[in-house]
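This report concerns only the one structure given below.
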Number of protein chains: 2
Amino acid sequence: MARAATTLDAFNAVAEPRRRAIIDVLADGERPVNDLVERLGMTQPQVSKHLRVLREVGLVSAHADGRRRIYRLEGRALRPIHDWVKEYERAWEERFSALDEVLAEMQEDEGEA
Amino acid sequence: MARAATTLDAFNAVAEPRRRAIIDVLADGERPVNDLVERLGMTQPQVSKHLRVLREVGLVSAHADGRRRIYRLEGRALRPIHDWVKEYERAWEERFSALDEVLAEMQEDEGEA
DNA sequence: TTGACATATTCCTATATGCGTATATATTGG
DNA sequence: CCAATATATACGCATATAGGAATATGTCAA
């Protein structure tokens, strides 16, 4: 078996640094392909191919504007990643002392009840 | 060129679902390899190989305990992922929609007036 | 229609993968 | 030392990749 497809989910799509770079640029607003090409210094086919992957996992959407295609970030597709990794946030937030952790958990339990 | 190495960074290491599963189990506390094997229903070599990848990106550490090796989660290696994805959090928190933001600001201004 | 522009797709190749199976490398108990 | 246990590594395989180059598709302008 080979590695999972990049188009399997956001985790795989986003593992590629160039695709994260594209996402970061699109975070400032929608852009045509050529803008990304210039801004990122990658070749046009590469950008188009990366955009295809991002489209297939729902991370970007596109609409036509004349002969151009405007790409827009669909940030909510990043949510599964955020939700998963957030669980581990306290691992590096040392302000969560042992006591704080207990208190936080107690509050969480209350919230769930 | 092929895909980036899974050991390149946490993004790539974590793209594999089985490795996330290992991380999720280790979140409850350190465990020897065999525990992971039983708990996750994967073969022992597979677990060892996934652990190797996780070790190489600093996501887990290991120490010997007799003939066993106890693996521990190093959650702070997930921080780059968290930091990156957190930037996009408001994309799905609809309470931060553009309109809501404007309305909230107007109300704040009224209150101050 | 023709040509220029914008984007997508195809073909090629080297490469790293994840899994299975088999085997190597500790470490312990007797 | 030997056998048993625990883990790591090696080998073979099918597969999907990222990049480059070339080309196809689509759209506008005159």
Side-chain angles (χ1 to χ4, degrees), chain A residues 1-26 30-73, chain B residues 1-26 30-73:
Chain A
M1 213 188 234
R3 211 160 155 185
T6 55
T7 53
L8 178 68
D9 53 29
F11 282 97
N12 280 279
V14 148
E16 167 64 55
R18 311 274 192 160
R19 283 195 285 265
R20 289 203 301 281
I22 290 177
I23 288 174
D24 289 338
V25 170
L26 290 181
E30 23 177 60
R31 292 244 162 65
V33 178
N34 240 345
D35 258 47
L36 296 167
V37 170
E38 289 171 11
R39 229 171 261 260
L40 297 170
M42 352 184 357
T43 129
Q44 178 267 312
Q46 274 312 310
V47 172
S48 278
K49 277 201 272 188
H50 283 312
L51 285 171
R52 183 152 156 65
V53 174
L54 294 174
R55 234 186 306 138
E56 287 193 34
V57 297
L59 270 164
V60 304
S61 61
H63 70 271
D65 170 38
R67 44 187 134 179
R68 294 183 302 172
R69 307 207 81 211
I70 312 296
Y71 277 84
R72 168 205 300 242
L73 177 62
Chain B
M1 214 188 232
R3 214 160 152 184
T6 55
T7 53
L8 179 69
D9 54 29
F11 282 96
N12 281 278
V14 147
E16 168 63 58
R18 311 273 193 163
R19 284 195 284 266
R20 289 202 301 280
I22 290 177
I23 288 175
D24 290 338
V25 171
L26 289 181
E30 22 176 63
R31 293 244 161 64
V33 178
N34 241 346
D35 259 47
L36 296 167
V37 171
E38 290 170 11
R39 228 171 262 263
L40 297 171
M42 356 187 350
T43 127
Q44 178 267 312
Q46 272 315 309
V47 172
S48 279
K49 277 201 274 187
H50 283 311
L51 284 171
R52 183 153 157 67
V53 173
L54 294 174
R55 235 188 305 139
E56 288 193 33
V57 298
L59 271 165
V60 303
S61 60
H63 70 271
D65 170 39
R67 43 187 134 179
R68 293 181 305 172
R69 308 206 80 212
I70 312 296
Y71 278 84
R72 169 206 300 245
L73 177 62

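Note that these values count all heavy atoms, side chains included, but never hydrogens, waters or copies made by symmetry.
- Residues B:P32 and B:R68 approach most closely at CG-NH1, 4.0 Å, considering heavy atoms.
- Atom CD of B:E16 sits about 9.0 Å away from atom CD1 of B:I22, to the nearest 0.5 Å.
- Listed by chain and residue number, nothing satisfies the side chain to side chain contact (heavy atoms under 4.5 Å, CB included) test with A:R67 (two or more places apart in sequence, or in another chain).
- Heavy-atom minimum distance, B:R20 versus B:A15: NH1-O, 3.3 Å.
- Along DNA chain D, the nucleotide closest to A:E16 and the one closest to A:G66 are compared, and the more 5′ of them pairs with A:E16.
- Contact of the A:R39 side chain with the A:D24 side chain is not registered, since no non-hydrogen atoms from C-beta on lie closer than 4.5 Å.
- Distance B:M1 CE to D:dA21 C1': 16 Å, rounded to the nearest Å.
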Side chains of residues 45-59 of chain A: which donor-acceptor pairs under 3.5 Å do they make with residues two or more places apart or in other chains?
residue	atom	partner	partner atom	Å
A:S48	OG	A:Q44	NE2	3.1
A:H50	ND1	A:R19	NH1	3.1
A:R52	NH1	A:E56	OE2	3.3
A:R55	NE	A:Y71	OH	3.4
A:R55	NH2	A:Y71	OH	3.3

Check: protein-nucleotides 5-12 of chain D nitrogen or oxygen pairs below 3.5 Å:
residue	atom	partner	partner atom	Å
D:dT5	O4'	B:R67	NH1	3.3
D:dT7	OP1	B:V33	N	3.2
D:dT7	OP1	B:R69	N	3.4
D:dT7	OP2	B:N34	N	3.0
D:dA8	OP1	B:R69	NH1	3.4
D:dA8	OP1	B:Y71	OH	2.5
D:dA8	OP2	B:S48	OG	2.7
D:dA8	N7	B:Q44	NE2	2.7
D:dA8	N6	B:Q44	OE1	3.3

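- Per the geometry, CG belonging to A:N12 stands 9 Å off P belonging to D:dT17, to the nearest Å.
- Computed from C1' positions of five pairs at each end, the angle between the two local axes of the helix from C:dT1-D:dA30 to C:dG30-D:dC1 equals 20°, rounded to 10 degrees.
- A donor-acceptor pair under 3.5 Å links the side-chain atoms of B:R31 to the main chain of B:V25, judged by distance alone.
- Think of the region where chain A sits on DNA chain C: with heavy atoms and a 4.0 Å cut, that region ends 5' and 3' at C:dA4 to C:dG18.
- Among residues two or more places apart in sequence or in another chain, the side chain to side chain donor-acceptor pair (under 3.5 Å) test is passed with B:D35 by none.
- Rounding to the nearest 0.5 Å gives a distance of 10.5 Å between CD1 of B:I70 and CG of B:L26.
- The two residues B:L40 and B:A21 have their closest heavy-atom pair at CD2-CB, 4.0 Å.
- Following rounding to the nearest Å, A:R3 (CZ) and D:dA18 (P) show an atom-to-atom distance of 8 Å.
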